[in-house]
Amino acid sequence: VKKVIQFGSSRVAISYPSELRPWFEDLATPDDGSGLPDKWVRLYQGSAPVRYDIIASGADGAKGLETGEALATFWERIGFLLVNELSDAMALHAAAVRVGDGFVLMPGSSGSGKTRLSLWYRAHGFELGTDEIVGVGLSPNGGGPVLSGIFERPLVIKSVADVGELLPPEESNCLQQASRFGTLVKLRTGGAWQSERLSRGFIVFPTFAAGSQLELTPLTAGESCLRLLDNCLNVRNLPRGGLSLAGALARGVPAVSLRYGALAQLEGTLDVLTRQVLAARPNLDDLTALCEAFVARSAIRYGQLSVNAPGATDAGSTPNRVTPAATAKRFTRRLTVGMATFDDYDGVYFTIQALRFANPEIEGAIEFVVIDNNPGGLCAQALSDLSKWVDGYRYIPRGEWSGTSIRNAIFEEASSPLVLCVDSHVLIAPGALARLIAHADAEPDCHDLLQGPMIYDDLRNLSTHMEPRWRNGMYGIWGDDPRASDPSSPPFEIPMHGLGLFAMRTAAWPGFNANFRGFGGEEGYIHEKVRQRGGRTLCLPFLRWLHRFGRPLGPAYVNRWEDRIRNYVIGFEELGLNCTEMETHFGELLGVETSARIFREIRSSMQAEARQ
Amino acid sequence: MNFADGTRRASCDEDRAMIDLVPTRAAGVECEVIDGEMVFYRPQTTSAIYLNSTAALIWGLCDGERSISQIKDLLGDSYPDAGDLTEEVLNAIGELRGSGLLVLP
């Protein structure tokens, strides 16, 4: 396949094997008849199976590359040729997003977090243009800087965790390919981005350093100009080294330096700041005041969030706040609906009240058990006070242990023979609970784990289960079994499923491994554990549930990637499962050496804990 | 004390010798003035250099005719409360020299 890639006035001819066509859709254009440019890159099938070679005009070639590495190298060569001789625009090593006619440029060297930040902006309603190169020129009529081009390409997401975190659920199945550079991701592209005035803009120079505090530092125009030049890829080609272009951009567009340690820090801070800057174009004094205010806001909130970060203090607990007592009375009912929560009063409130609204026929048959994982937190008293209004409601403060295993406490506290465990942000289809009770009554001695189809926000699409396969560092890929399309269909077995909702007889609950730490890794594990104990893992088509994925204010806890891997290892080893496939998967994602080191450290710490 | 370019900063005796030198601006350096600050580009090294408004002021006084001593006196007249500025001026000129923006004979 022969196509052309254009960036401003620069063009590069490319050719690639037809089996890789999906990677180039909407990114490359056919030759428009003006003739193929003299700069070219060719990607072709190498001599070895599923290996590719690359040759390029004026750039190094490469041989024997695996698919991911070949694609990443191919796009790197294209980018090089596009900017190598570009002289009528400044090629900034930068990501770019836009909303309306407002632009955000994120200049930074490789590894500074451009891709992560641009995907985060995308998740907040901005349109992603590029995560790599932006062209900036000057308007010929003296109208200031213009965006002369963007280099659209598949994203290269270096952190495995970010793939799952930053892609919305509906895009989790987009085209992806692991490589030693990171995971290549082909996303939907937006509209045309050619020659647009940068009249409303914001420049964010990002630095990502895991675990660091949020810092937003406004930059003077001179400081911004210097940093723009530092990230200019074609200074040698530009008159005065690009000083005039960088100066014009720096004078006209407010800029900040951003240092952050977790995406949660940006929620309610950078998104709000960005929209304010785009709307009002503040001067340096106002921008300084805004940054100080947002950093203070983040410090307050993020302090509350650091629940399971190493060495973190529970900033959500003030010294004067009294932990509410547990509700003493037990309610022996037919069904216990339990949930664990960490500072999510809204979720608990609406989940429980929606259940009561939608299931009036079984009022009096339900016990509600709420395990508060931050009993010194801001929501504790309000969560406790719900017992004044909700029949059968029990508040249980359990701050001494956090993470996925906290849900064992629901089964420990339940007074009913059947437990339905839900996330505190799940809605359940009307009438489903009565049918669940009926199902359990019909099989009073069963050891089955009962689940149902998860409904997406469109209230149409379902995920009935997960396929037990590894992808992007996660075990389990959402699947949809047509047998669940009719809610009255009979139950059927599933291999595994997300654990936003599951039910089981209280006496049969096998328990999560108490050594699980943090969040993640329990899907698949608990299903296999149930099967090893003679139970089945079933999808009950009527037990439909809606899961709130969106969290614009960020989760109230830190979801640590290493905890997830550790939990996988613990779970697999407990059940006698072979970890080879897991280790191979992480080896492909993280690199063999890095992966091996992580697994060594996990096993070493597990052995040390076992000795204690 | 050392200059940014690694050369040793003058002692008090050397200060007296340096103070009469006349710094000149390096040739072939592009400059952009932005709101009182300066950004330079050196094509030889394809590097950019930023001067805040204070450093830009000192660089602006280095016109190839004034000695360091005269520059110090001019600044002292403008900022009478600042005290003896010899150390600061020598340091700043050392930095500018180390960055390739000034030449000392």
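Just so it is clear: chains get the letters A, B, ... in the order the sequence lines come, proteins before strands, and each one is counted from 1.
The distance from atom CG of A/Leu245 to atom CD of B/Glu32, rounded to the nearest 0.5 Å, is 9.5 Å. With values rounded to the nearest 0.5 angstrom, A/Leu226 atom CG is found 10.0 Å from B/Leu51 atom CG. With values rounded to the nearest 0.5 angstrom, B/Ile34 atom CD1 is found 5.0 Å from A/Arg251 atom CZ.
Using a 4.5 Å cut-off between heavy atoms, B/Glu37 contacts chain A through its side chain alone, with no backbone atom that close. If you measure heavy-atom distances from B/Ile49 to chain A, the contacts under 4.5 Å come from the backbone alone.
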side-chain contact (heavy atoms from CB on, under 4.5 Å) between B/Tyr41 and A/Arg240, worked out: CA-CA 7 Å; B/Tyr41 174 70; A/Arg240 305 179 67 231; 5.8 Å; no
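In terms of modelled atom types and a separation under 3.5 Å, the side chain of A/Arg236 and the main chain of B/Pro43 share no donor-acceptor contact.
By the 4.5 Å heavy-atom criterion applied to side chains, A/Leu229 and B/Val39 are counted as neighbours.
The two atoms that bring A/Leu243 and B/Cys31 nearest to each other are CD1-N, 3.7 Å, heavy atoms only.
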